[in-house]
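In what follows, a structure is listed as structure tokens, so that the remarks can point back to it.
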Amino acid sequence: MRCRLVGLFWILVVASSPASTDGLLRPTLDSIRDARTVAVEGVPLLSGRLLSEFYGERGDVLVWVDLERIAQLSDLAQRSTSDGFRPEDFHAEHLRRLASPGVLDSLTGNERMAADLILSDALARYVHHQRYGKLDPVAVDSKWHDRAPASSEVILGDMSRALDGEDLETSLSEGFPRPFWYEDLKQALQSFTTRASLAGLPPLPAGPNLARGNRHPRVAMLRERLERLDGAAVATPPDADLFDAALHEAVLSFQRRSGLTADGVVGPSTLAALNGHGDETNAEQIRINLERMRWLYQDLPADYVFVDVAAFKVHLVRDGAFAWSTRAIVGTSETQTPMFRDTMDHLVFNPTWTVPVSIQKKMGRVSGDYRLVDRRTGKQVGGGDARDYKRYRLVQAPGPKNALGRVKFMFPNRHAIYLHDTPGKAAFGRQARALSNGCVRVQDPLALAEAILDQPNWDRSGIERLVERGRTRYVDLADDLPVLLYYLTAFADDQGKVGFRRDIYARDEALRAAFSAPVLRTRISFPEPPTEPPSTTPPKPEPAPDAEPSDKDTSVRLTGRDSAAGRVDERSSGTDGPDPAVSTLDPAQARPIGRL
């Protein structure tokens, strides 16, 4: 009802206002500023408040007076298909009409103002969708997606630079740097939609596994299918039915980008993936995964951790390229690994594990590897029922049997998700590894720790010596490292060859439906003026209610940065020498209760 009233009020303002369009603009913007949803001439506006502030910054005058600028915006809308969008996402029909000679000049009063608002909304949508994605991931699925609202300051800054620059495309492209894996998948979309379709090509029939050295009539069919998928010929030997070395390499490449075990053997899983590429929905699958990528990629530095959940992989990116990778175990379909971005700031060697209540209340009697901590006093007790989770916390001591293994990688977040080692190494041999309670288990965590710390005094041998000592050590990173946990069911290599992954969490259908629908509004954060002067007295810290108590013998933080306790000499913060002269007790809140 409120939206209808806002729309009615807007119409009344337009009808009763004088012919001066600029004078009409501010009252209209004020009327739509706080509307939940609003439309102009049937065209939905992304945010009334965003447009209100945009025009306020530019003196409350009409912005679109240059026909060439409008034509540039129309052209950007048409070419947005290369990023997986549809031109209609940016009011393409209205843009084409308004870019035609004489159309804009023929408009007066309320029609002229409505045209200006539609053009500005098209630009706002283009900036928002390219920088943050068309959809709000929290609106798509708040349980498994997490991201802060889009920033009004960033969007308004991009809009102003675009209008004030020489041309829209140059101004906007310079403001939207894309990571390499986005560009790879974008290239894949282009090749996928322009090459000959697989329609009409019969599926590769079932049969015995195919591997290098085999001869079988299905081998020639396999070679043809890979050629069409990759857009490049696979060398054919004199015997077309021979599975030779060139075909083996083509199969390996396909398996790697599809998140399959790269063994060069065409078994049931690889066969299903090969035949799945003929589905007409795959182009749309690429588009929705480009959308997923946009949700978290804003202002990425050159170094970060990339968790590829659907492919069960963890990558370390250095200087804008994958520098190191390992297998991973992720959450089950019931305890999914959420998709979000946070910042890694420290590592914990020989961690303890505070058992989540959901697991503790089922454990009963426990071995000496665990200790009970009274929740009221914070003190360890000698005996008690571990199932009494309301009274006790259950903590597993460090060691080779610890559920977190020998190291965990901390990026404190509200999901209590992190990367860690595990004593259960056999599960890494499985092809499908959705087995955890949500956290990401890493196959070779000590190598990842060495690569992340990346310092001479934190080499592999020094890390192993530290682990062997058995004491819990907290190690700050010299520089915080972004961590991106992505759920991607389509991914491409640097040649634009796309691989499709199994939708293990069944998230694609809901995203596909949302992505094809128009967006009426989205979450945008606006800076608010302070209501009262900030206090000069720092607040007294409150202890975390479920934090694990500090242990002076086993819980210290090694740091090479300035801290409240003073600066630690970086030469003494490594693992191949004595403990540093200055170290600080790890604050309890740095050790959140987490999931496995």
Side-chain angles (χ1 to χ4, degrees), residues 21-22 25 28-29 32-33 37-100 103-104 107 111-136 149-177 294 298 518-526:
T21 306
D22 288 349
L25 184 59
T28 303
L29 291 169
I32 67 175
R33 175 184 173 89
T37 59
V38 66
V40 173
E41 292 188 348
V43 179
L45 304 181
L46 189 66
S47 168
R49 180 172 177 181
L50 185 75
L51 290 179
S52 177
E53 298 199 1
F54 170 69
Y55 280 97
E57 290 180 354
R58 304 184 79 82
D60 287 332
V61 298
L62 300 180
V63 170
W64 299 91
V65 295
D66 183 350
L67 196 62
E68 182 179 357
R69 193 75 79 182
I70 298 173
Q72 292 171 359
L73 182 58
S74 179
D75 187 50
L76 285 176
Q78 294 299 323
R79 289 189 285 115
S80 68
T81 55
S82 65
D83 285 285
F85 297 113
R86 294 172 175 81
E88 306 86 72
D89 292 331
F90 312 105
H91 316 318
E93 183 179 346
H94 293 272
L95 298 184
R96 284 194 298 270
R97 180 175 64 87
L98 295 171
S100 301
V103 172
L104 195 67
L107 302 178
E111 290 182 338
R112 178 63 181 85
M113 182 185 62
D116 216 79
L117 290 173
I118 290 171
L119 290 166
S120 295
D121 186 73
L123 177 59
R125 286 175 182 269
Y126 189 86
V127 169
H128 174 272
H129 293 6
Q130 291 281 1
R131 184 176 283 281
Y132 296 102
K134 172 181 174 179
L135 302 173
D136 175 7
S151 167
S152 64
E153 294 175 293
V154 171
I155 296 173
L156 292 171
D158 286 340
M159 292 174 68
S160 293
R161 279 189 293 274
L163 289 173
D164 296 338
E166 292 185 6
D167 65 84
L168 286 181
E169 181 178 10
T170 301
S171 301
L172 291 175
S173 62
E174 291 176 352
F176 301 144
R294 289 187 285 264
Q298 302 85 21
V519 174
L520 302 182
R521 61 188 178 88
T522 192
R523 288 187 309 147
I524 299 177
S525 65
F526 295 87

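Side chains included, hydrogens not; waters and symmetry mates left out as well; all remaining heavy atoms used.
- Remark: Leu107 engages Leu98, Leu104, Glu111, Arg112, Ala115 in a side chain to side chain contact (heavy atoms under 4.5 Å, CB included) (not counting sequence neighbours).
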Show every donor-acceptor pair shorter than 3.5 Å between a side-chain atom in residues 88-97 and any protein atom, with sequence neighbours excluded, or say none if there are none.
{"residue": "Asp89", "atom": "OD1", "partner": "Lys134", "partner atom": "NZ", "Å": "2.8"}
{"residue": "Asp89", "atom": "OD2", "partner": "Arg86", "partner atom": "N", "Å": "3.0"}
{"residue": "His91", "atom": "NE2", "partner": "Asp121", "partner atom": "OD2", "Å": "2.7"}

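- The line from CG of Leu45 to CG of Leu50 is 10.0 Å long, rounded to the nearest 0.5 Å.
- For Ala162 against Leu168, the heavy-atom pair with the smallest separation is O-CD2, 3.3 Å.
- For the atom pair CD (Glu153) and CD1 (Ile524), the distance works out to 12.5 Å, reported to the nearest 0.5 Å.
- For the side chain to side chain donor-acceptor pair (under 3.5 Å) test, residues two or more places apart in sequence or in another chain that qualify with Glu53 are Arg49.
- Side chain of Ser151 to main chain of Val154: a donor-acceptor pair is present (N/O by atom type, distance under 3.5 Å, no hydrogens or angles).
- A 4.5 Å side-chain heavy-atom check between Met113 and Thr28 finds at least one atom pair inside the cut-off.
- Judged by a 6.0 Å distance limit and a 45° cone about the ring axis, Arg33 is not positioned over the six-membered ring of Phe526.
- With sequence neighbours excluded, the residues satisfying side chain to side chain contact (heavy atoms under 4.5 Å, CB included) with Arg523 are Asp136, Val138, Pro149.
- With sequence neighbours excluded, no residue forms a ring pair (Phe, Tyr, Trp, His ring centres under 6.0 Å) with Phe54.
- Residues passing the side chain to side chain donor-acceptor pair (under 3.5 Å) test with Thr170, sequence neighbours excluded: Asp167.
- Nearest approach of Glu41 to Ile118, heavy atoms of both residues: OE1-CD1, 4.4 Å.
- What you find for Ala99 and Ala71 is that their closest heavy atoms are CB-CA, 4.0 Å.
- Arg161 pairs by the side chain to side chain contact (heavy atoms under 4.5 Å, CB included) definition with Asp158, not counting sequence neighbours.
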Less than 3.5 Å apart, which donor and acceptor atoms pair up between the side chains of residues 62-70 and the rest of the protein, not counting sequence neighbours?
{"residue": "Trp64", "atom": "NE1", "partner": "Ser120", "partner atom": "OG", "Å": "2.9"}
{"residue": "Asp66", "atom": "OD1", "partner": "Glu68", "partner atom": "N", "Å": "3.0"}
{"residue": "Arg69", "atom": "NH1", "partner": "Gly165", "partner atom": "O", "Å": "3.2"}
{"residue": "Arg69", "atom": "NH1", "partner": "Glu166", "partner atom": "O", "Å": "3.4"}
{"residue": "Arg69", "atom": "NH2", "partner": "Leu163", "partner atom": "O", "Å": "3.2"}
{"residue": "Arg69", "atom": "NH2", "partner": "Gly165", "partner atom": "O", "Å": "2.9"}

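- For Pro177, there are no side chain to side chain contact (heavy atoms under 4.5 Å, CB included) partners, not counting sequence neighbours.
- Rounding to the nearest 0.5 Å gives a distance of 7.5 Å between OG1 of Thr37 and CZ of Arg521.
- Annotation: side chain to side chain donor-acceptor pair (under 3.5 Å) contacts of Tyr132 (sequence neighbours excluded): none.
- Here the side chain of His128 pairs no donor or acceptor atom with the backbone of Ala124 at under 3.5 angstrom.
- Inter-residue side-chain proximity for Ser52 and Ile32 is flagged as unmet; no heavy-atom pair is nearer than 4.5 Å.
- Using a 4.5 Å heavy-atom threshold, the side chains of Ser160 and Arg58 count as touching.
- Side-chain contact check for Asp60 versus Leu29: some heavy-atom pair is nearer than 4.5 Å.
- Shown here for Thr81 and Pro87, the closest heavy-atom pair between the two residues is CG2-CD, 3.6 Å.
- You'll find the side chain of Val519 reaches within 4.5 Å of the side chain of Leu46, heavy atoms only.
- Applying the side chain to side chain donor-acceptor pair (under 3.5 Å) test to Glu57 and every residue at least two apart in sequence or in another chain returns nothing.
- With hydrogens and angles disregarded, a donor-acceptor distance shorter than 3.5 Å links the side chain of Ser80 to the backbone of Ala77.
- Evaluation of the salt bridge (charged side-chain N to carboxylate O under 4.0 Å, His left out) rule for Glu169 yields Arg79 as partners, not counting sequence neighbours.
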